[in-house]
Amino acid sequence: MNKYRVKAFGITKDLLGGRETFIETQGQTVADLRAALHSRFPELSGLRSLFIAVNNDYADDEILLKPSDEIALIPPVSGG
Amino acid sequence: MIKITEKSIDVQKIIDTVSSLSAGAVNVFVGTVRNKANGKNVLWLEYEAYETMAVSQIRKIIEEASHRWPLLGWAVSHRIGTLKPGETSVVVAVSTPHRKDSFEACQFIIDSVKTMAPIWKKEVFEDGEEWVSARPEIEMRA
């Protein structure tokens with residue numbers, strides 16, 4: 001199993017119940033992490049969109065994750 | 001200058017930052033907090049940012065703008081924390097030799113900040129609160 005520390009912002013902070021959580025996955029891609037997140041927090045599927053950021057940049061699903069990566073959930077942004 | 005700040009934004013200071021003797025135009029966008037959303041009274045907004053990523057995304061936006069327009073000066077300042085109606089939430093300022101470029105660059109930067117920068121706002125009403133644009137049904141109601 002791979003274990004990743006995930007930061008949560010905006011509405012995802014409310015849905016996950018905190019600013020940070022640890023997620024365990026079999027795989028090592030962003031898509032694997034996304035699947036694990038959705039199975040543990042089904043409410044995430046109610047969002048208009050959900051991006052995953054790796055090391056301060058939007059990450060595609062096929063990106064490989066390292067345990068040292070800074071990973072964050074980016075629900076629909078609404079700055080301005 | 002890129003700034004994510006809990007303190008109120010001094011628009012004149014930002015204009016001074018971007019001003020330049022070779023500029024014929026300074027263009028400023030000031031975003032302010034509205035007192036209504038979906039017909040309901042907004043008591044206040046809570047802004048939150050993923051600060052390190054917001055700064056790096058805004059830097060990329062500025063780089064892109066610099067390739068497309070002859071920017072002489074630029075600044076983006078975004079508030080976080082609690083903001084009441086009427087307060088300034090974001091300021092974008094650019095300077096260029098001529099005015100057309102300044103309008104286009106300023107609009108490109110604020111539009112891109114709104115779609116790319118990881119910043120969120122929650123509207124607080126008399127009867128509840130809501131993260132703006134988070135759920136699809138809010139789009140349909142709007």
Side-chain angles (χ1 to χ4, degrees), chain A residues 4-23 29-31 33-34 36-80, chain B residues 2 4-5 29-34 37 45-61 76-81 83 88-92 107 109-123 128-142:
Chain A
Y4 301 102
R5 181 199 297 261
V6 177
K7 291 174 186 282
F9 294 93
I11 194 169
T12 57
K13 189 183 60 185
D14 298 346
L15 296 178
L16 270 60
R19 294 192 166 277
E20 207 172 82
T21 191
F22 284 91
I23 299 290
T29 65
V30 167
L33 179 71
R34 186 186 287 278
L37 275 160
H38 275 92
S39 79
R40 195 163 133 203
F41 302 101
E43 301 96 327
L44 289 173
S45 59
L47 299 178
R48 193 161 56 81
S49 66
L50 181 65
F51 288 98
I52 291 174
V54 177
N55 299 327
N56 291 292
D57 217 342
Y58 291 99
D60 292 331
D61 273 354
E62 63 271 20
I63 296 280
L64 279 175
L65 296 168
K66 297 185 293 295
S68 58
D69 283 336
E70 184 170 313
I71 301 166
L73 299 186
I74 311 291
V77 299
S78 54
Chain B
I2 300 170
I4 308 291
T5 177
F29 173 81
V30 179
T32 55
V33 176
R34 268 194 314 265
L45 297 185
E46 300 281 348
Y47 278 87
E48 181 184 317
Y50 178 14
E51 289 193 42
T52 54
M53 182 174 168
V55 169
S56 74
Q57 292 296 312
I58 294 170
R59 192 169 291 135
K60 282 187 185 176
I61 293 165
V76 177
S77 193
H78 203 300
R79 274 289 292 281
I80 51 173
L83 276 79
T88 296
S89 55
V90 61
V91 177
V92 174
Q107 174 151 23
I109 293 168
I110 182 62
D111 288 353
S112 305
V113 166
K114 286 185 73 101
T115 53
M116 299 299 292
I119 301 173
W120 299 271
K121 60 176 166 261
K122 185 167 68 178
E123 290 162 341
E129 53 183 49
E130 211 158 67
W131 287 103
V132 175
S133 301
R135 297 177 191 279
E137 62 264 33
I138 293 162
E139 296 297 297
M140 283 156 64
R141 226 190 301 147

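Small disclaimer: the values here were computed from a predicted structure and weren't measured. Throughout, protein chains are lettered first and strands after them, A, B, ... in sequence-line order, and every chain is numbered starting at 1.
- The 12-atom threshold is exceeded at CD of E20(A), counting heavy atoms of other residues, nucleotides or ligands nearer than 6.0 Å.
- Among the candidates S78(A), P75(A), A72(A), the residue making the largest number of heavy-atom pairs closer than 4.5 Å to chain B is S78(A).
- At a 4.5 Å heavy-atom cutoff, the contact between D57(A) and chain B is made by backbone and side-chain atoms alike.
- Smallest separation of non-hydrogen atoms from V77(A) and P118(B): CG1-CA, 3.8 Å.
- Contacts between T32(B) and chain A at a heavy-atom distance below 4.5 Å are absent for every atom of the residue.
- With hydrogens and angles disregarded, no donor-acceptor distance shorter than 3.5 Å links the side chain of Y50(B) to the backbone of L73(A).
- Heavy atoms closer than 4.5 Å to chain A are found in the backbone of A49(B), but not in its side chain.
- Under the ring-ring contact (aromatic ring centres under 6.0 Å, His included) criterion, the residue pairs touching residues 45-80 of chain A are F51(A)-Y58(A), with sequence neighbours excluded.
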Practice task
Please assess T12(A) against W131(B) for the test side-chain contact (heavy atoms from CB on, under 4.5 Å), listing each intermediate value before the final yes or no.
Solution key: CA-CA 10 Å; T12(A) 57; W131(B) 287 103; over 6 Å; no
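- Residues I74(A) and M53(B) meet the side-chain proximity criterion, which asks for heavy atoms closer than 4.5 Å.
- Listed for the S133(B) side chain is no donor-acceptor partner under 3.5 Å among the backbone atoms of P76(A).
- Considering every non-hydrogen atom in both I11(A) and A134(B), the closest pair reads CD1-CB, 3.7 Å.
- With hydrogens and angles ignored, the 3.5 Å screen pairs no side-chain donor or acceptor of H78(B) with any backbone N or O of G79(A).
- In this structure, R135(B) contributes its side chain and R48(A) its backbone to no donor-acceptor pair below 3.5 Å.
- Taken from CG in N56(A) to CD in E51(B), the straight-line distance is 11.5 Å, to the nearest 0.5 Å.
- In this structure, the portions of T52(B) lying under 4.5 Å from any heavy atom of chain A include both its backbone and its side chain.
- The main-chain N or O of G80(A) is never found under 3.5 Å from a side-chain atom of K114(B) such that the two would form a donor-acceptor pair.
- Counting non-hydrogen atoms of other residues, nucleotides and ligands closer than 6.0 Å to CZ of R34(B) gives a total of 12 or fewer.
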